[in-house]
Each structure stands twice: as C-alpha cells, then as structure tokens.
Amino acid sequence: MRPILLQGHERSLTQIKYNREGDLLFSVSKDHVVNAWFSHNGERLGTYEGHIGAVWTVDVNSTTTLLVSGSADNTAKLWDVSNGKCLMSWEFNTAVRRVQFSEDDKKILLITEPRMGFPATLQIFSIENGLTEPVSSEPLEVIHPQGPKITVAAWGALDKYIVAGRENGSVALIDPQTGECVSTNKIHDLTLTDLQMSTDRTYFITSSKDKSAKIVETESLEVLKTYVTDTPLNSAAIMPKVQEFVVVGGGQEAMDVTRTSSRQGKFECRFWHKILEEEVGRVRGHFGPINTIAIHPDGRSFASGGEDGYVRVHHFDDDFFTFKFQI
C-alpha cells in the first residue's frame, strides 16, 4: 500500500475532505491556502488564495460546485470550485473553527470560537443560489450555545438537528430553528477533537484527547461502540461499504514531538473493527501527530494529514477487500 505524498502546504494540516464522488481531495492548513488535488494520482488541481490567517476548516457541497473555508483571520469564504473565485466573504469577531454544508446544500453551518470577551456562536447562512445570485452577508440564525465551548459540530440526518461536540467531552443535539439544546450526553473525559457523520447521518464517530474514539447514535446520543488507544486522538472516520472498519489517528502533542522518535510518538493511522472493537492494523508514515483523516466515499482509499505538513493518500491493495477478521 504505497502512499502518494501530497506536498502543497508549508505548515501543519488542519482538515482534509473528499468530495462526494471522491475524485477530488481538498486540504487546508495553517499556511493560509486551500488546495484541491486529484485523489487518484495526487496531482494538484488548484489553489484557493485569499485568507490571511491559518485555515482551520473546509467543506465542499454534494455537486462539487461550491467550497467553504473557515480561518483564524475571522472570516469564512465561499468559493466557486471550478475557477477559484471567491463568491462571498463573511466577517466575524473571532476565528471560524468548523464549517459544513447542510445535507440539502442550501445552508452552511459555522462555528466561531469564544475570544476576547466575544461568546462562541453557531451561525447558519443561506447559500441556496450561491453560483447564480449574490449570497446574503446576514445569517439566518445566530445561536449562542450555553455551557462549555463547542469544538466541533455537524448537521444530523435531514438537517433536523445540529450535533455539537464540546470541550468537556459531551455531545449535544441543538435545534437549528430555535437554538435550544434538545439533549446532551457526556461521552468523553476530555475535549472532543473530531466528529464525522456516517453516510446516512444516523450515527457518528467522535475522537478525543482522552485517547478514545466512540460511535454514537444521532437521535438518542447513546454510545454504541468504544475504541480505546494509548495516545491522544485528533481524528476518526468511518469506512463506508467495503469493510466494517473505523480509522483513528493522533499522537503525542506537537510541542513534545522534538523529544520523541516517530515510533514512540505513535503517529499512526489505526484500523479498528467497527463491530468487534478490536484493532486490526496500523499504517505508519507521518513524522508528527496526525491531525485529520478522511476516507474515500467508495472506501477504496483514505487520506491523512499531519503536523508535518504532508497529506498521505493510501490506495488499498486487493487483499484488503478479501480480508476476513478471525473471531
């Protein structure tokens, strides 16, 4: 399983995302740019330039026509994927930590972080005709969530709820119409670092600094599966269709890495059997913590982005698809 090394960033990766077809991979890092790549061979398709701070987050809509990014320069930008033109730039009081398109592609969810006396917010913007008409600079909804800081969030099934992960390790369901917290459940002991939905959004996987990843049902917030590792986790993803696996990644904190070899730092993508909760394999390669993991929509490859500034794309060998886990 020889990886393709994507060298297009000068600083550590913050998020990577496949489009729905999986032919393109989008990556963002602390070096201000958004890159688009062909996922099958790692060729760079283009760069979206305009941010002047670290870019924390990126998402692409289901038709691969619009891209949204959020940055430490207190802006979120909407891009035309085909030509790199910035269609809209929303300005906020603080950094934008997470962005996501709704399931119907008509809205965008943004998280801004609490800083300098400004509270954290969840904001929803309409982009229904983003390619053909000017997009409104005013949000449809501004939600001021109570309680600990929200670190990650995503739309639930049919955009009925917003699923939010907090600094204290809890997850909450928030009604996007009223902004009320419908239910909450403390599932981790430390900060949630990632939250990725399943294909049908009926369940999701979380990763946390408490060295565990968990699969949680969306409607009830009940923990279904737990994967315990020996290192803090930064990202976790669910493999669709072909194999019942989840992939998690992380590693020792970046500030301690200079004193640690890559083997001791545990900078590996770890594969766990989704149902049996047993580790089945590891993929090494990064020489720093793994910050973000994304799996190709058809499950035939995956990508990881690290503190070392590289994106590694792995295409699975044929043996992988015939592998049977021995009970």
Side-chain angles (χ1 to χ4, degrees), residues 5-18 24-37 42 44-60 67-79 84 86 89-100 110-116 120 149-153 165 167 191-196 207 209 231-237 249-260 262 265 267 269 285-294 303-313:
L5 210 59
L6 309 187
Q7 298 173 277
H9 293 286
E10 296 172 355
R11 296 186 63 195
S12 56
L13 272 292
T14 50
Q15 195 174 17
I16 53 179
K17 194 69 76 80
Y18 282 98
L24 297 180
L25 180 67
F26 298 91
S27 62
V28 293
S29 80
K30 295 179 181 176
D31 65 0
H32 312 172
V33 299
V34 183
N35 281 328
W37 314 82
R44 182 153 60 171
L45 173 64
T47 301
Y48 303 86
E49 296 181 342
H51 285 295
I52 55 172
V55 187
W56 293 120
T57 176
V58 68
D59 196 22
V60 60
L67 185 81
V68 63
S69 58
S71 170
D73 62 10
N74 300 356
T75 68
K77 293 183 184 292
L78 185 70
W79 309 86
C86 182
S89 183
W90 295 283
E91 295 194 9
F92 304 94
N93 294 317
T94 58
V96 180
R97 294 299 299 209
R98 192 54 78 108
V99 296
Q100 195 187 40
L110 305 166
I111 303 178
T112 66
E113 62 178 23
R115 248 331 129 76
M116 300 175 296
K149 175 177 134 183
I150 290 178
T151 54
V152 289
E167 202 171 34
T191 303
L192 262 81
T193 52
D194 196 12
L195 187 156
Q196 295 194 29
S207 64
K209 292 292 186 188
T231 185
L233 296 179
N234 295 327
S235 190
Q252 191 181 12
E253 290 292 338
M255 67 182 80
D256 301 324
V257 167
T258 52
R259 302 193 294 273
T260 311
S262 62
F267 312 135
C269 291
H286 286 284
F287 48 91
I290 294 167
N291 292 337
T292 175
I293 293 172
S304 58
E307 193 74 23
D308 54 13
Y310 295 109
V311 178
R312 298 173 73 87
V313 179

Which atom names give the shortest non-hydrogen contact between [X] and [Y], and what distance separates them?
X      : Y      : value
Gly8   : Asn35  : O-ND2, 2.9 Å
Thr14  : Thr292 : O-CB, 3.9 Å
Ala303 : Val313 : CB-CG2, 4.1 Å
Trp79  : Ser69  : NE1-OG, 2.9 Å
Thr112 : Thr94  : CB-OG1, 3.6 Å
Phe267 : Ile290 : C-CD1, 3.9 Å

Report summary line: Those residues at least two apart in sequence (or on a different chain) that pass salt bridge (charged side-chain N to carboxylate O under 4.0 Å, His left out) with Arg97 are Glu113

To the nearest 0.5 Å, what is the distance between [atom1] ([X]) and [atom2] ([Y])?
X      : Y     : atom1 : atom2 : answer
Asn234 : Leu13 : CG    : CG    : 12.0 Å
Ile111 : Phe92 : CD1   : CZ    : 11.5 Å
Leu67  : Asp59 : CG    : CG    : 8.0 Å
Leu110 : Arg98 : CG    : CZ    : 12.0 Å
Ser29  : Ile16 : OG    : CD1   : 12.0 Å
His9   : His32 : NE2   : NE2   : 12.0 Å

Report task. Run the numbers on Cys269 and Ile293 for side-chain contact (heavy atoms from CB on, under 4.5 Å), then give the verdict. Result -> CA-CA 8 Å; Cys269 291; Ile293 293 172; 4.1 Å; yes

Donor-acceptor pair, side chain of [X] and main chain of [Y], under 3.5 angstrom:
X      : Y      : value
Thr47  : Glu49  : no
Thr193 : Leu233 : yes
Ser12  : Asp308 : no
Gln196 : Ala236 : yes
Thr151 : Gly165 : yes
Asp194 : Ser207 : no

Query raised in the report: Hey, is CG on Leu5 packed in by over 12 heavy atoms from elsewhere, all under 6.0 Å?
Result: yes

Query raised in the report: Should we say atom CZ of Arg44 is surrounded by more than 12 heavy atoms from elsewhere, each under 6.0 Å from it?
Result: yes

**Report entry** Stepwise side-chain hydrogen bond (donor to acceptor under 3.5 Å, both in side chains) check, Gln15 with Thr57
**Finding:** CA-CA 6 Å; Gln15 195 174 17; Thr57 176; 2.8 Å; yes

Requested in this report: Please identify each residue that fulfils ring pair (Phe, Tyr, Trp, His ring centres under 6.0 Å) with Trp56, with sequence neighbours left out.
Outcome: none

Report task. Could you label the plane-to-plane angle of the Phe287 and Tyr310 rings as parallel, tilted or perpendicular, counting under 30° as parallel and over 60° as perpendicular? Result -> perpendicular

Query raised in the report: Hey, which of Lys30, Glu307, His286 is the one that makes side-chain hydrogen bond (donor to acceptor under 3.5 Å, both in side chains) with Asn291?
Result: Glu307

